[in-house]
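Below is one structure, written out as structure tokens; comments come after it.
Hydrogens, waters and symmetry mates play no part in the numbers below; they use all other heavy atoms, side chains included.
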Amino acid sequence: MMCENIGVFLPLKLSRTSVGYRCEPTVWLVPRATGAPQARSFGERRQKGPRPVRRLGLRPSHGTVGLPRRSASRLTSTSARKRIRLAPETRRTQILDESARLILEEGLHAVSMERIARDLRISKGLVYRYFPTRDALLAALMHREQTELRDRGMASALQAVSFADLIRQTTRLYLQHTLDRGALIAALLADPSVARLMEEDSRSDREQTIRYFVRAIRREFQLPLPLAIAVVDLLSALTDQAGRLVAQGQVDVDSATEMCVELITGGLSALDGDRPLKL
């Protein structure tokens, strides 16, 4: 059956002569009907079947006719590694999440711009586009943790129906956050650069929390302002210690929460607002 040939492939053919070997171009033709390659040399009759090209290091393949196998695989791997473009906020969150994972699994020393770029399969320059330094990256991660705790705490406070409920909800939230993210926060604060960068933000968050609870205590127990401030300082130390016990596994979140609620509400109820306070 006659068929029309399509496609050409031009390797070199070695022909043995009486005086040695000579190179000739070989034309590979792919029949449209059968797809079976056929070969013929210039000045020769058509050969039966395809001439082997393995000794030349070349193999035709579907979709890459005339390309070596190595070149085809390189094109495939390059396209597979093509970076996916994400929205800026999504990419920033991805970088922060990867940093948190490295800290929790391998420690703070494992975090570097090169490692994050390699794990996320992005360029190191892209990481620097969002965070100019490693310290800035770690500070941003710490800021995210503090902001999340503060926002969730305020949402819980707004849902409270009584003072005891306010203490219960905010204390449980703090203890659960300490259990889930305490190792990350402790590792970040252990870095002097991060602690220095976050000092102002931490002070601002603490002052805001103190003002909120001072107003709540004064409204509920009619305490003078200096006494209410001192009480909030002591209660903060109480919840901090409860968080350490929870993180160490010595007490669960619910039990620690109820102990804090009873100590705080009971102590405030028994506190004499007319007691002189030496400052």
Side chain S255, main chain V251, donor-acceptor under 3.5 Å: no
NZ/NE/NH1/NH2 to OD/OE distance under 4.0 Å, R101 and D119: yes
Can you tell me how far apart CE (M113) and OG (S99) are? Round to the nearest 0.5 Å. 8.0 Å
With no hydrogens and no angle check, is any side-chain donor or acceptor of T90 less than 3.5 Å from a backbone partner on L86? no
Indicate yes or no for a side-chain donor-acceptor contact from T147 to the backbone of R144 under 3.5 Å, with no hydrogens or angles considered. no
Residues in salt bridge (charged side-chain N to carboxylate O under 4.0 Å, His left out) contact with E106, at least two apart in sequence or another chain: R115
Please enumerate all residues that pass side chain to side chain contact (heavy atoms under 4.5 Å, CB included) together with E199, with sequence neighbours excluded. R203
Are D233 and R206 ion-paired here, with the side-chain N under 4.0 Å from a carboxylate O? yes
Can you pull the ring pair (Phe, Tyr, Trp, His ring centres under 6.0 Å) pairs that have at least one residue in residues 134-163, sequence neighbours excluded? F163-F221
If only atom types and distance count, is the side chain of R134 paired as donor or acceptor with the main-chain N or O of V111 below 3.5 Å? yes
So, R172 side chain and T257 main chain: donor-acceptor pair closer than 3.5 Å or not? no
Can you get from L141 to I185 by hopping between Ile, Leu, Val, Met, Phe, Trp and Tyr side chains that sit under 4.5 Å apart? yes
